[in-house]
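Written below as structure tokens is the structure these notes are about.
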Protein chains: 2
Amino acid sequence: MQPQKTTEEKIKEVARKIFMEKGYGLTRTRDIAEAAGINTALLNYYFRSKEKLFNIIIAESIKELFSTLLDIIENDKTDLSYKIDTVVNRYADVFLASPNLPLFVLSELQSQPELFFKQVGIPGNILLDSYFFRQLEEQLQKINLKIEPIHIFVNMIALTILPVIARPIMNHVHSMDSDGFSNFIEVRRKLVPIWIKDMLKLNN
Amino acid sequence: MQPQKTTEEKIKEVARKIFMEKGYGLTRTRDIAEAAGINTALLNYYFRSKEKLFNIIIAESIKELFSTLLDIIENDKTDLSYKIDTVVNRYADVFLASPNLPLFVLSELQSQPELFFKQVGIPGNILLDSYFFRQLEEQLQKINLKIEPIHIFVNMIALTILPVIARPIMNHVHSMDSDGFSNFIEVRRKLVPIWIKDMLKLNN
DNA sequence: GTCTATAGACTGATAGAC
DNA sequence: GTCTATCAGTCTATAGAC
């Protein structure tokens, strides 16, 4: 038997869904209240204001998107190849479960960049100082490729995330249903690590 | 001597900028009017409503993003290597001039996918049936790589567009000012075609 | 904790003068 | 074409009863 959802959890759950679909500006507290089976008074009883509720949702979303990464890239026990496989696979899982998550976070960060600093508290240098980046740098030197590690990292994320972000266009130009989308992600789950390792001349 | 901007053009110009920064929901007609040096009455005199003005802006934005592509990929006089160079370079130019354009369009297409059909009229199969895709298919067969051409196309767009879409995060983790951003794009303008050609085993 | 009712502020749009 | 003034509608948030 699952424990019953509290009203507070129910509100957060539907708020997350509606904020992701419509964005902050187009979401009305009434929509959230109605979808949660309550009223706006109760919503404000729990969260004080729409903005405070949104800040909780967006902070959790940002953390969901980045915590996926952090424990992988800071691990000094795993090699480069394993890290590439794991990052791509974890993100594929996250995106299949929450296809709207990346565009939601990116859009809100664009219109309110200060959210990143205020709500998350991930230091800016955590990526550049990571063990993963040191491993990338080492490998790039080994194959005598004079580019910054960030480019390889950007490539890995780009190849994984773009089909998710551009899903409406993919649906249009590739006539995809939701199964087609999942299949596409599954195919790329295998391909992206190969491409990234090729860029690094890592033997597969 | 440049011809003077009409009021109508001035409104569209600032509306485009503000819609792109804040999105439809958070943009107020008063913001647009003030930025254009007029008032909301005049805005409605020219465009009837906020929504009609927005539809004009988003339709033009979608066209700007895709017309860049269409005349390149349908050309049967240019080879694969040239097409890759040209697509990447054109998009780099577009994104440097309008960094908010891609995320704006992608966000709006997610919340209103029918915009693609209604406002643009680009048939879904124009990409799959393009000369570019036939050239990709040919080359993939030649190197005996059993993947669909769409993956290479997605990769090319992904590697070019992601730093632009994730600019707020890039600023944060890479301590970039606007010069840093331009430099980053300039570096990738050269790198992305190399990576894509490597995937296709095209000799550079 | 949850509701009804409503205050209070803001927004898009228009009427009407010039 | 452009303005001032303002209306009607919508939204968030709160007061107060239960």
Item to check | Short side-chain N/O contact to C:dG1 OP1/OP2 from A:T7, under 4.0 Å | outcome: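 Result: no.
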Nearest-Å distance, [atom1] ([X]) to [atom2] ([N])?
X: A:D31; N: D:dT12; atom1: CG; atom2: C1'; result: 13 Å
X: B:L26; N: D:dC11; atom1: CG; atom2: C1'; result: 14 Å
X: B:E34; N: D:dT4; atom1: CD; atom2: P; result: 13 Å
X: A:I38; N: D:dT12; atom1: CD1; atom2: C1'; result: 14 Å
X: A:F47; N: D:dT12; atom1: CZ; atom2: C1'; result: 16 Å
X: A:N55; N: D:dT12; atom1: CG; atom2: P; result: 15 Å

Checklist entry - How does protein reach along nucleotides 7-18 of chain C, written 5' to 3' as B (base within reach of a heavy atom under 4.0 Å), S (only sugar-phosphate), or - (no contact)? => result ----BBBBB---
Next on the checklist: The test is ring pair (Phe, Tyr, Trp, His ring centres under 6.0 Å); show your working for A:F133 and A:F153 and say whether it passes.
Outcome noted: CA-CA 8 Å; A:F133 266 54; A:F153 178 78; 5.7 Å; yes
Checklist entry - Hey, is the main chain of A:N75 close enough, under 3.5 Å, to the side chain of A:K83 for a donor-acceptor pair? => result yes
Checklist entry - In terms of side-chain geometry, is the basic nitrogen of A:R28 or A:D31 positioned less than 4.0 Å from the acidic oxygen of its partner? => result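 Between A:D31 and A:R28 there is a salt bridge, with a charged N closer than 4.0 Å to a carboxylate O.
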Checklist entry - When you measure from the centre of the six-membered ring of B:Y131, is the NZ or CZ of B:K77 under 6.0 Å away and within 45° of the axis? => result no
Solution key, residues 35-45 of chain A side-chain donor-acceptor pairs under 3.5 Å, sequence neighbours excluded:
| from | atom 1 | to | atom 2 | distance (Å) |
| --- | --- | --- | --- | --- |
| A:N39 | OD1 | A:A41 | N | 3.2 |
| A:N39 | OD1 | A:L42 | N | 3.0 |
| A:N44 | ND2 | A:T40 | O | 3.0 |

Next on the checklist: Minimum heavy-atom separation for B:R189 and B:P193, please, with both atom names.
Outcome noted: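 The answer is O-CD, 3.2 Å.
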Next on the checklist: Counting only side-chain heavy atoms from C-beta out, which of C:dC3, D:dG1, D:dT4 sits nearest to B:N39?
Outcome noted: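 Among the listed nucleotides, the one closest to the side chain of B:N39 is D:dT4.
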